[in-house]
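Structure, as structure tokens:
Keep in mind it's a predicted model, so treat the numbers as computed, not measured.
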Amino acid sequence: MFRNSYQSVWEKFGAQTTMERDLFLEDSFPFGFQWATSSESFKVEGGWLEGGKGETIWDRFGHDGLAFANQTADLACDSYHKVDYDAYLLRGLHVNTYQFSISWARVFPSGLRGTQSEEGALYYDKLINALIDSGIQPVVTLYNWDLPQALQDFGGWTHTSIVEAFKDYADFCFSRFGDRVKTWNTFSSPWVVSHAGYGTGEHPPGVKDYVVSSYLATHNMLKSHAEAWHVYNDKYRLKQGGKVGIALNSDWAEPMDPSSPEDIAAADRYLQLMLGWFAHPIFVDGDYPATLKTQIEEKKRECPHSEPARLPVFTPEERKRIQRTADFLGLNHYTSRLVNSSDGGCTPGPQGVGDYQAHVDPSWSSTASEWIYSAPWGLRRLLNYISTEYLNTNKVPIFITGNGMPTEYSGDTLNDTSRTEYMRHYINEALKAIVLDGVDVQRFTVQSLMDGFEGKQGYSHRFGLHHVNFEDADRPRTPKQSVYFYSQLIKQNGFRSHKSDGFKGVKIQPTRRPTALSSSEVPSKSKTHVAKQICKSNQIKFYLYSAKSQRKSSQDTLQSKV
């Protein structure tokens, strides 16, 4: 009997006992595995009007008082002025890769090539050079939600003209930075843009139109991604030798009733309407998944007077243009859902169109976010599904481009045991997928380097490995417990079989004379070479050494790759 990808993966894992599912794997990652952390431009940069930068939709969102406590990203972490400081944090963390996004409006204030800001481009030059000098590979995301407001005034992602604008923007970035940047994400979590930006309206630009606008936004982002990939492939690949892919977000969907064929089919639909909406056109055949098209056609028949979704159609030329336009599949994954079959009626949105309901198990650990619950085993299953559904014939690697959890800010800058446990188990599930299942995962990215402006939640939710004091205009950073866990994990390249005695201070070997930091950039406002903090939760003392540090062997290896 024919089994689709979801059924095959479910049959592989569905019979596992809880003990088998949660068994911890003491092993190492493959040699050369990429360890990363990340940031996003509007969350950390600040400098919202400096250097000629144009207004973005997130600037407008904050200034309209739509974020928590009327907070804005005007200053954020002030990373625009703290390149050396952030490079210092990265060297101390021992990551070999740093993923950040470029603000489209910082280099093209109006979103169009004719308005280029040289000062904005110089900021990214400085950041990229600082990373390479530190032996860290830069990974650049072209679009992480912060559309220039000038483009949104013309319809944003729902207007066809944006495809050419994005192509020009990508062309400029490849030309300007591609001699040093070898890995590019065209988009990060574009599903969130379509869903929350143009469907529910929770995110800017605040469009509430899941019938038309949400699907148009996806349509134009897919075409924009393809055009950017072709620009790189045609003009830059031979000389620069880099890779261009896309970072897609997806939950794992588990059938609520494992014995119900209807719930299993509903879980499959959940994935097709989330991940498949973008992945199927790019990695399979240039068109939307059959399940999505079938569901929408059925809804048209069921709802002749209240059409819940209108899916645009790609021309044959467009399908050919989109098909297989990625050198890797990036995955942003944070949580899972229990899914059951349900009649969605004529309600717009994924659950209505997809005829399912999504739930969480009350036993799953919660986080500060109402949508992120810890279910680490879902990552291994999702990686197996992706490998089977999208990469069976199109053999490109998977990069985990985002994984992390937020905590509520309570004034405690150091104790983030819940984050450490979350990271430990999710990273271990990625290891299982590699070692036990043979899935080609080559990078793990922890979100994020530091606390930042989290959109609607403002500064009340903290994703960072480093605490940022947003009440201090200097924006000092302080390492949390999770920094030392992650740094030790990177040094070991995985999980050792013996129990650790606890994480000691991370002492880093010097490699080069660092750029001098002004007093405002010395971590945690310390004027000495050693910043000492005490973790009150378990009385472990740890020490953060000064910025002239990094292991030389790691730097030499990474610089040869860059």
Parallel, tilted or perpendicular: rings of [Y] and [X] (30°, 60°):
| X | Y | answer |
| --- | --- | --- |
| Y232 | Y236 | tilted |
| H195 | W191 | parallel |
| F42 | W58 | parallel |
| F24 | F495 | perpendicular |

For the ring pair [X] and [Y], is the centre-to-centre distance below 6.0 Å?
| X | Y | result |
| --- | --- | --- |
| W145 | Y143 | no |
| Y385 | W10 | no |
| W377 | F13 | no |
| W252 | Y426 | no |
| Y459 | F68 | no |

(message) Could you tell me if R106 sits above the aromatic ring of Y80, with its cationic atom closer than 6.0 Å to the ring centre and no more than 45 degrees from the axis?
(response)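 Positive - R106 is close enough to the ring of Y80 and near enough to its axis.
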Any donor-acceptor pair under 3.5 Å linking the side-chain atoms of [Y] with those of [X]?
| X | Y | result |
| --- | --- | --- |
| S418 | D416 | no |
| S101 | S41 | yes |
| T417 | Q481 | yes |
| Q16 | R21 | no |
| N428 | H425 | no |
| Y6 | E389 | no |
| S369 | H461 | no |

Is there side-chain contact between [X] and [Y], with heavy atoms separated by less than 4.5 Å?
| X | Y | answer |
| --- | --- | --- |
| L331 | L379 | yes |
| W104 | L142 | no |
| L382 | S250 | yes |
| I386 | L275 | yes |
| R419 | T367 | no |
| Q137 | Y98 | no |
| S336 | D251 | no |
| E45 | Y123 | yes |

Exam field: side chain [X] to backbone [Y], donor-acceptor pair closer than 3.5 Å:
| X | Y | value |
| --- | --- | --- |
| T445 | I400 | yes |
| K480 | T420 | no |
| S487 | V483 | no |
| Y486 | V95 | no |

If you look at every heavy atom in [X] and [Y], which pair is closest and at what distance?
| X | Y | value |
| --- | --- | --- |
| R324 | V284 | NE-O, 4.3 Å |
| A228 | A170 | CB-CB, 3.8 Å |
| I398 | L391 | CG1-CD1, 3.5 Å |
| P190 | A247 | CD-O, 3.5 Å |
| G404 | I372 | O-CD1, 4.1 Å |
| S448 | S38 | CB-O, 3.2 Å |

(message) Is it the case that over 12 heavy atoms from other parts of the model lie below 6.0 angstrom from the CD atom of E20?
(response)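 Above 12, so yes.
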Indicate yes or no: does [X] engage [Y] in a salt bridge with an N to O separation below 4.0 Å.
| X | Y | answer |
| --- | --- | --- |
| D146 | K43 | no |
| D437 | R380 | yes |
| R462 | E408 | no |
| R475 | D451 | no |
| D125 | R180 | yes |

(request) Dump the intermediate steps for side chain to side chain contact (heavy atoms under 4.5 Å, CB included) on N96 and F33, then the final yes or no. (result) CA-CA 9 Å; N96 51 36; F33 190 79; over 6 Å; no
(message) Name the residue from K243, K182, K395, R237 that meets the salt bridge (Lys or Arg N to Asp or Glu O under 4.0 Å) definition with D327.
(response)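 Of the listed options, the one satisfying the test is R237.
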(message) So, using salt bridge (Lys or Arg N to Asp or Glu O under 4.0 Å) as the criterion, who are the partners of D86 when residues are at least two apart?
(response)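 Once residues adjacent in sequence are excluded, the partners of D86 under the salt bridge (Lys or Arg N to Asp or Glu O under 4.0 Å) criterion are R477.
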(request) Just do the side chain to side chain contact (heavy atoms under 4.5 Å, CB included) check on R381 and K12 with the steps written out, would you? (result) CA-CA 9 Å; R381 299 179 183 194; K12 177 178 180 179; over 6 Å; no
(request) Determine the sole option in T401, L248, N185, N403 for which the side chain to side chain contact (heavy atoms under 4.5 Å, CB included) test with N332 is passed. (result)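 Exactly one option meets the side chain to side chain contact (heavy atoms under 4.5 Å, CB included) with N332, and it is T401.
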(message) Using the rule side chain to side chain contact (heavy atoms under 4.5 Å, CB included), only one of L465, T407, V446, L414 pairs with S482; which is it?
(response)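 The side chain to side chain contact (heavy atoms under 4.5 Å, CB included) with S482 is passed solely by L465 among L465, T407, V446, L414.
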Nearest-0.5 Å distance, [atom1] of residue [X] to [atom2] of residue [Y]:
| X | Y | atom1 | atom2 | value |
| --- | --- | --- | --- | --- |
| Q7 | I264 | CD | CD1 | 7.0 Å |
| S8 | E11 | OG | CD | 6.0 Å |
| D133 | R91 | CG | CZ | 9.0 Å |
| H94 | I490 | NE2 | CD1 | 8.5 Å |

(message) Please evaluate residues H467 and Y409 with respect to the criterion ring-ring contact (aromatic ring centres under 6.0 Å, His included), reporting the C-alpha separation (whole Å), side-chain torsions for both, the decisive distance (0.1 Å), and the verdict.
(response) CA-CA 10 Å; H467 168 267; Y409 179 58; 5.7 Å; yes
(request) Take V193 and M221 through the side chain to side chain contact (heavy atoms under 4.5 Å, CB included) test and state the conclusion after the steps. (result) CA-CA 10 Å; V193 177; M221 281 190 282; 3.9 Å; yes
(message) side chain to side chain contact (heavy atoms under 4.5 Å, CB included) for V139 and F399? Distances and angles first, verdict last.
(response) CA-CA 11 Å; V139 172; F399 296 158; over 6 Å; no
